[in-house]
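Take a look at the structure set out below.
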Amino acid sequence: MPPCWCCAETLKLGDPLLIGQEFGRVRALFDEAGKPVEEAGPSMPVVVLGLSGAPNAGDELLVVESERKAREVAMHRQAKSRDVKLAQKSANMQDVFSTMGESKADLVQLLVKADVQAASRRCAMR
């Protein structure tokens with residue numbers, strides 16, 4: 001896992017935290033040399049163990065009051081992100097179908113899934 005930087009607070013073992021869409025409790029801290037540390041001050045790069053997943057680059061690290069609160073906020077952020085992605089995907093499909101319905105499209109792009117053994121399948125619209 002890439003290092004995290006503490007911006008304003010001191011991060012200690014056992015602190016519940018929230019980083020972007022990921023949450024957890026600090027199980028272990030390691031400095032840039034890989035040595036375990038008990039706490040990390042502001043601007044100290046550390047590797048944090050105990051998160052639910054790998055956060056995205058640039059996500060803000062927040063120490064929260066409880067792990068339950070961190071989980072609730074992370075789940076809300078994940079649902080919001082999923083909703084945005086689904087809305088973008090459905091808008092794209094609606095554009096394709098509306099263009100095909102108006103018969104302005106003479107060319108339909110086709111996506112072919114293939115693996116390294118050259119097995120492939122085609123998707124056709126009828």
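Values reported hereafter were calculated over all heavy atoms of this structure, with side chains retained and with hydrogens, waters and symmetry mates removed. Just so it is clear, the model here is predicted, and its values are computed rather than measured. For the single chain, residues carry numbers from 1 onward in sequence order.
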### Query
How about His76 and Val73: do any of their side-chain heavy atoms sit closer than 4.5 Å?
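The answer is no, as the side chains (C-beta and beyond) never meet within the 4.5 Å cut-off.
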
### Task
Evaluate the side-chain proximity of Ser81 to Arg77: yes if any heavy-atom separation is below 4.5 Å, no if none is.
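No. Closest side-chain heavy atoms not under 4.5 Å.
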
### Task
Locate the shortest heavy-atom distance separating Leu13 from Arg27; write the atom from each residue and the value.
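Smallest interatomic distance, heavy atoms only, reads CD2-O, 3.7 Å.
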
### Query
By the rule that ILVMFWY residues connect when side-chain heavy atoms come within less than 4.5 angstrom, directly or transitively, which residues belong alongside Val84?
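Joined to Val84, directly or through intermediates: none.
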
Contacts under 3.5 angstrom, residues 44-71 side chains, donor-acceptor by atom type, not counting sequence neighbours:
from  : atom 1 : to    : atom 2 : distance (Å)
Ser52 : OG     : Glu22 : OE1    : 2.7
Ser52 : OG     : Phe23 : N      : 3.3
Ser52 : OG     : Phe23 : O      : 3.4
Asp59 : OD2    : Asn56 : N      : 3.0
Ser66 : OG     : Lys69 : N      : 3.2
Glu67 : OE1    : Arg25 : NE     : 3.3

### Query
Would you say Leu18 and Val26 are hydrophobically clustered, going by side-chain heavy atoms of ILVMFWY under 4.5 Å?
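Per the 4.5 Å side-chain linkage, Leu18 and Val26 are not co-clustered.
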
Using distance only, find each side-chain donor-acceptor pair of residues 28-38 under 3.5 Å and give its atom names and separation, not counting sequence neighbours.
from  : atom 1 : to    : atom 2 : distance (Å)
Asp31 : OD1    : Ala33 : N      : 3.1
Asp31 : OD1    : Gly34 : N      : 3.1
Asp31 : OD1    : Lys35 : N      : 2.8

